[in-house]
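Note that the structure is predicted; figures quoted are calculated from it, not measured.
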Amino acid sequence: MKDSIKINAIRCFAPHGCLEEESLVGAEYQLDLELFGAFQRSCSTDDLIDTIDYVQVYSLAREELKKRSQLIEHVAERVAESLLRSIPMIESVSVHLAKENPPIPGDLKSVSVHIHRKRPA
């Protein structure tokens, strides 16, 4: 079983959506990440160099969140790819992205997508 680090409730205002007005008015998004890898070394060394830097993860994720896409699936995929490409210690990542108050007739809080991606072999 792999170890994991969770980063919860990264909040961002962004212009994603298929409708033109969504690109103009934007919406609130919430991103939850679970990063899988081997963290035994950091457990014993207590040194940041032996683990994943949360600040770097946050910065990479926010950068991808701000780039316009029509679909939240596309945004989630970009976040996963960016993290796997940039941080070698991450073996796989789960990305949960929710769009709050989507333009759907009805009473609902959010729509979301959850993907899991592994580092290519």
Side-chain angles (χ1 to χ4, degrees):
M1 179 178 213
K2 292 292 175 188
D3 301 325
S4 74
I5 293 173
K6 291 184 178 182
I7 299 177
N8 300 308
I10 297 172
R11 304 208 27 98
C12 183
F13 188 82
H16 309 301
C18 294
L19 303 174
E20 183 62 31
E21 58 265 19
E22 290 177 292
S23 69
L24 300 172
V25 299
E28 289 287 337
Y29 293 83
Q30 182 171 304
L31 177 68
D32 299 309
L33 301 171
E34 187 165 10
L35 313 167
F36 297 88
F39 306 123
Q40 296 90 341
R41 184 175 171 102
S42 64
C43 291
S44 62
T45 67
D46 193 29
D47 195 332
L48 179 60
I49 199 162
D50 294 323
T51 194
I52 294 170
D53 183 345
Y54 313 151
V55 174
Q56 182 184 16
V57 171
Y58 178 84
S59 295
L60 291 167
R62 290 275 303 187
E63 186 176 309
E64 294 303 329
L65 281 168
K66 290 183 177 186
K67 295 178 187 172
R68 176 156 166 65
S69 289
Q70 291 188 61
L71 304 176
I72 60 174
E73 293 90 329
H74 188 250
V75 180
E77 185 70 24
R78 283 200 327 261
V79 169
E81 287 175 357
S82 176
L83 293 172
L84 290 169
R85 180 177 57 249
S86 302
I87 305 173
M89 187 173 283
I90 299 174
E91 295 175 12
S92 65
V93 59
S94 286
V95 177
H96 182 254
L97 180 60
K99 179 177 188 172
E100 298 179 5
N101 301 311
I104 297 173
D107 185 17
L108 70 150
K109 180 180 177 183
S110 66
V111 295
S112 63
V113 61
H114 187 149
I115 65 169
H116 185 87
R117 299 293 181 263
K118 296 180 181 180
R119 179 173 302 287

Query raised in the report: Got a sec: does the CZ of Arg41 have more than 12 other heavy atoms crowding it under 6.0 Å?
Result: no
Query - With Glu81 via salt bridge (Lys or Arg N to Asp or Glu O under 4.0 Å) - residues at least two apart - result: none
Query raised in the report: Between Leu60 and Ser86, what is the shortest heavy-atom contact and its length?
Result: CD1-CB, 3.6 Å
**Report entry** Interatomic spacing from CG in Asn101 to CG in Leu108 - rounded to 0.5 Å
**Finding:** 7.5 Å
Requested in this report: Among Glu77, Arg78, Gln70, find the residue that satisfies the side-chain hydrogen bond (donor to acceptor under 3.5 Å, both in side chains) test when tested with His74.
Outcome: Arg78
Query raised in the report: Does CD1 belonging to Ile104 count more than 12 external heavy atoms closer than 6.0 Å?
Result: yes
Query raised in the report: Are Leu83 and Ile115 co-members of a hydrophobic cluster defined by side-chain heavy atoms under 4.5 Å apart?
Result: yes
Requested in this report: Answer yes if Val93 and Val57 sit in the same cluster of Ile, Leu, Val, Met, Phe, Trp and Tyr residues linked by side chain heavy atoms under 4.5 Å apart, and no otherwise.
Outcome: yes
**Report entry** Atom OH of Tyr54 with >12 non-hydrogen neighbours under 6.0 angstrom
**Finding:** no
**Report entry** Connected via hydrophobic side-chain network under 4.5 Å: Leu48 and Ile90
**Finding:** no
Requested in this report: For Lys99 and Ile72, work out which heavy atoms get closest and say how close.
Outcome: CB-CG2, 4.4 Å
Query raised in the report: Any link between Tyr58 and Val95 through a network of hydrophobic side chains (Ile, Leu, Val, Met, Phe, Trp, Tyr) touching at under 4.5 Å?
Result: yes
Query raised in the report: What pair of heavy atoms forms the shortest contact from Phe36 to Ser94, and how long is it?
Result: CE1-OG, 3.7 Å
Query raised in the report: Does Glu100 have any salt bridge (Lys or Arg N to Asp or Glu O under 4.0 Å) partners at least two apart in sequence or in another chain, and if so, which?
Result: Arg11
Requested in this report: For Asp47, look at atom CG and say whether over 12 heavy atoms of other residues, nucleotides or ligands are found less than 6.0 Å away.
Outcome: yes
